[in-house]
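Worksheet for the structure shown next.
Within every chain, numbering begins at 1; the chains are lettered A, B, ... in the order of the sequence lines, protein sequences first and strands thereafter.
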Amino acid sequence: MRWSQYYLFTTREVPNDAEVVSHQLMVRAGMIRKAAAGIYTYLPLGWRSIMKMMDIVRREMDAAGAVELMMPAVHPAELWRETDRWDVFGDLLLKMKDRNQRDFCFGPTHEEVVTDAVRHDVKSYRQLPFNLYQIQNKFRDEIRPRFGLMRAREFLMKDAYSFHAGADSLDETYEAMRAAYCRVFEDCELEYSMVEAQSGAIGGSASHEFMVLAETGEDAVVSCASCGYAANVEKAECRSLSAAADRSDSEELVEVSTPGATTIADVTGLLGVEADRLVKTLVYETEEGPVLALIRGDRDLNEAKLVSFLGAQHLKMAGDEVVQRVTGAPVGFAGPVGLPQKVRIVADNSIRESSNFVVGANKADAHYTGVNWGRDVDLSEWTDLLLVTGGDGCPRCDGILELHRGIEVGHIFKLGTKYSEDMQCTYLDDQGASHPMTMGCYGLGIGRSVAAAIEQNHDENGIIWPLPLAPYEVLVIALTRKDEQVVEQADRLYEKLIEQGIEVFYDDRDERPGVKFKDADLIGIPVRLVIGARSLAEGQVEVSLRRDGEKILVPVENAIERVLELLAG
RNA sequence: CGGGGCGUAGCUCAGCCUGGUAGAGCGCACGGUUCGGGACCGUGAGGCCGGAGGUUCAAAUCCUCUCGCCCCGACCA
């Protein structure tokens, strides 16, 4: 493709609404254009990379035995009401009405639609298993779309759904999908990590996320270098923390005055104790009333763990009024001892084995010291509520966990029978007995993967495409339009490369060399072939890789050969 | 949705505090000089200052309301 005939406009300025580097570079390189918050046009150059990603995903899905189909983007509300998700998904569902005021939504995911199709078509265990996938625009009315394609409201996703007669069959497909996802991200040359994950709103039992490691990732993951354990911090476990306080339980319960000390830092400063001697008391609201959660003062609580322990539908930090009502004190002085009313208390294992803690006294400007479980307060509900972080002990071996940031580019779930039960998607077994089908589902963010690739592959001058995702493989630059020799040779080499089946982009614009080099760096095409008057006078052209920039002068007649060599790696 | 910030030319921004008829750089068009890492000179086009209402002789500027966008939190491929 000749640039002069293409639709590509780069910019020098970084757009004022782009925060992360992949977003900035995609806009500057003329790959995407924003239509509204989280809603983008994929411009021709961007669309090519997106299509490359889709091709890779298709190839691996097909190879893993999945079958492609295309489901509607618009879903009737009735299907979503069958699983209750019309309400559970909440405002994330982009809803609309048709002319008859019937409710519809734009599909954010397709469990309902695919299950509806399957329950009509499939009746027998003999027809199982199968795995259906599509690549389609999804719609989620995100509370906060951001970072360009990283969290968009309309975004391309590959979603697959497998149906089985029983868990063993699901396990096989799940494993095949896991392997296929690994191949996809390896094919893209991305540095990624598969981690244990929380299954979230989609539901189900086991689930794994595929994380591209990047500073700007919105997720945190921990991993163990010794045994390979890796998990999203939402899900991660760790070895029990070493006992924080002495075990003597000799100290007496004493109320101490702590005026204005509403934070852990305030209290440790005032009392001269370490933060791990404090117990943080967090007040949460659930649909079944308030709950207190206790955790060691130097650590954070993992709300996902609390939710699943409580089995709650909704969980949020209590507001000031609720805290006042439940503890009888303003925010900052809550504690488990001497509460004005009976409240459910859940305590983290991190504080179970230790004693002589400091807690809030449930009145303004006061804390207790020397608190001991059993003697001063009875705690019956113990569980793991810890938000694991770097430096914690690996739960599987004696290694130490490292903390990384990651971009969630894929997520696979064992759904079990959650949807098939709600929607009566059943089959008859060989005894003629009816069972709900066992399901799996497998999502992969197309645009997000491309954005993640840029996060991982760029420098101060622009994108450095991994070859498999590059919009074109080779960029031919005619450094000037004024020199007939240069133009003639560049045209010829461009045609030759096309004949070789190479995807080649040709900068044939009448621009100054500096502009062309800057743009070349920005759009990041992996292999560059420069034809300039100076070297051509000596019968040479210049071949280089975007990644290292090292320029090799080669005789014109060897140029194609060298380019092919570089492409081959 | 809570907290913060911003809407002025295609892009990045100044002007606003202290009201007086709209600015710069880049980009774009034309002419000229240039031509291996975003050249230079000249000329020019381009803005109901996000929208509505109000105060005022006079509003980009002050006030009210609205819409949009961005950042921090809960959500997720």
Contact under 4.0 Å: R512(A) side-chain N or O vs A39(B) OP1/OP2:
yes
Could you pull out all residues at least two apart from E234(A) that satisfy salt bridge (Lys or Arg N to Asp or Glu O under 4.0 Å)?
none
Looking at the base of G36(B), is there any donor atom on it, or on the side chain of T480(A), that sits under 3.5 Å from an acceptor on the other one?
no
Students often get this wrong, so: under 4.0 angstrom with heavy atoms, is D159(A) touching a base, only sugar-phosphate, or nothing?
nothing
Show which side-chain atoms of residues 533-540 of chain A pair as donor or acceptor with protein atoms under 3.5 Å away, not counting sequence neighbours.
none

Can a side chain N or O of R144(A) be found less than 4.0 Å away from OP1 or OP2 on C1(B)?
no
Can you tell which of G38(B), C35(B), A77(B) lies closest to the side chain of K482(A)?
C35(B)
Roughly how many Å is it from CD1 in I407(A) to C1' in C75(B), rounded to a whole number?
17 Å
For R512(A), check side chain to side chain donor-acceptor pair (under 3.5 Å) against everything at least two apart and list the hits.
none
Contacts of E175(A) meeting salt bridge (Lys or Arg N to Asp or Glu O under 4.0 Å) (sequence neighbours excluded), chain-then-number -> R178(A)
Between CG of L522(A) and P of C11(B) the distance, given in whole Å, is 18 Å
So, are K305(A) and D348(A) salt-bridged, with charged N and O less than 4.0 Å apart?
no
Please figure out whether Q540(A) or L156(A) has its closest RNA chain B nucleotide nearer the 5' end.
Q540(A)
For D219(A), salt bridge (Lys or Arg N to Asp or Glu O under 4.0 Å) partners two or more places apart
none
Is there aromatic stacking of F155(A) on A77(B) here, judged by a ring-centre distance under 5.5 Å and a plane angle under 30°?
yes
Go nucleotide by nucleotide along RNA chain B from the 5' end; which of R151(A) and E542(A) gets its closest nucleotide reached first?
E542(A)
Check side chain to side chain donor-acceptor pair (under 3.5 Å) between W80(A) and all other residues, then give those that pass, not counting sequence neighbours.
H75(A)
Take the protein atom CG of N461(A) and the nucleotide atom P of G37(B), then report the distance between them rounded to whole Å.
14 Å
Give V409(A) one of three labels, base, sugar-phosphate or nothing, depending on what nucleic acid heavy atoms sit under 4.0 Å from its own.
sugar-phosphate
Report the distance from atom CG of D519(A) to atom C1' of A39(B), rounded to the nearest whole Å.
15 Å
Heavy atoms under 4.0 Å, any strand shown: does R481(A) hit a base, just sugar-phosphate, or nothing?
nothing
At under 4.0 Å between heavy atoms, what does D219(A) touch on the DNA or RNA strands: base, sugar-phosphate, or nothing?
base
Under 30°, 30 to 60°, or over 60°: which ring-plane class applies to F185(A) and Y181(A), parallel, tilted or perpendicular?
perpendicular
Going by atom types alone, do H404(A) and S193(A) pair a side-chain donor with an acceptor below 3.5 Å?
no
From the list G36(B), C1(B), G38(B), which nucleotide is the closest neighbour of the side chain of I143(A)?
C1(B)
Quick one: which protein N/O atoms are closer than 3.5 Å to N/O atoms of nucleotides 26-33 of chain B? Pair and distance per line, please.
residue	atom	partner	partner atom	Å
C26(B)	O3'	R12(A)	NH2	3.4

Is the Lys NZ or Arg CZ of K52(A) less than 6.0 Å from the centre of W47(A)'s six-membered ring, within 45° of the axis?
no
Output the rounded distance in Å from CG (N302(A)) to P (A74(B)).
12 Å
Quiz question: by atom type and distance under 3.5 Å, do the side chains of E68(A) and Y133(A) form a donor-acceptor pair?
yes
Test for a donor-acceptor pair under 3.5 Å between the base of G37(B) and the side chain of K551(A), counting only N and O atoms.
yes
Please report, rounded to the nearest Å, how far the C1' atom of U12(B) is from the CZ atom of R28(A).
12 Å
Checking all strands, does E209(A) fall into the base, sugar-phosphate, or nothing category for heavy-atom contacts under 4.0 angstrom?
nothing
Residue-level proximity of residues 177-188 of chain A to RNA chain B when a heavy atom falls under 4.0 Å:
none
Could you tell me the separation between the NE2 atom of H411(A) and the P atom of C75(B), rounded to a whole number of Å?
13 Å
What does G532(A) touch in the nucleic acid at a heavy-atom separation under 4.0 angstrom: a base, only the sugar-phosphate, or nothing?
base
How would you label the contact of S535(A) with the nucleic acid (heavy atoms, under 4.0 Å): base, sugar-phosphate, or nothing?
base
Can you list the residues that meet the ring pair (Phe, Tyr, Trp, His ring centres under 6.0 Å) rule with F163(A), with sequence neighbours excluded?
F130(A)
Just jot down the salt bridge (Lys or Arg N to Asp or Glu O under 4.0 Å) partners of E196(A), sequence neighbours excluded, or say none.
R396(A)
Integer-rounded Å distance: A77(B) P and H110(A) NE2:
13 Å
Looking for any heavy atom pair under 4.0 Å, which part of the strands does A304(A) touch: base, sugar-phosphate only, or nothing?
nothing
Please tabulate, for side-chain N and O atoms in residues 25-44 of chain A, each donor-acceptor pair with protein atoms closer than 3.5 Å (sequence neighbours left out).
residue	atom	partner	partner atom	Å
R28(A)	NE	T11(A)	O	3.0
R28(A)	NE	R12(A)	O	3.4
K34(A)	NZ	D17(A)	OD2	2.3
Y40(A)	OH	H23(A)	NE2	3.4

For P15(A), report the nucleic acid contact type (base, sugar-phosphate, nothing); a contact means any heavy atom under 4.0 Å.
sugar-phosphate
Please write out the pairs of protein N or O atoms and N or O atoms of nucleotides 67-69 of chain B separated by less than 3.5 Å, giving the distance to one decimal.
residue	atom	partner	partner atom	Å
C69(B)	OP1	A37(A)	N	2.9
C69(B)	O3'	K34(A)	NZ	3.1

Checking all strands, does L92(A) fall into the base, sugar-phosphate, or nothing category for heavy-atom contacts under 4.0 angstrom?
sugar-phosphate
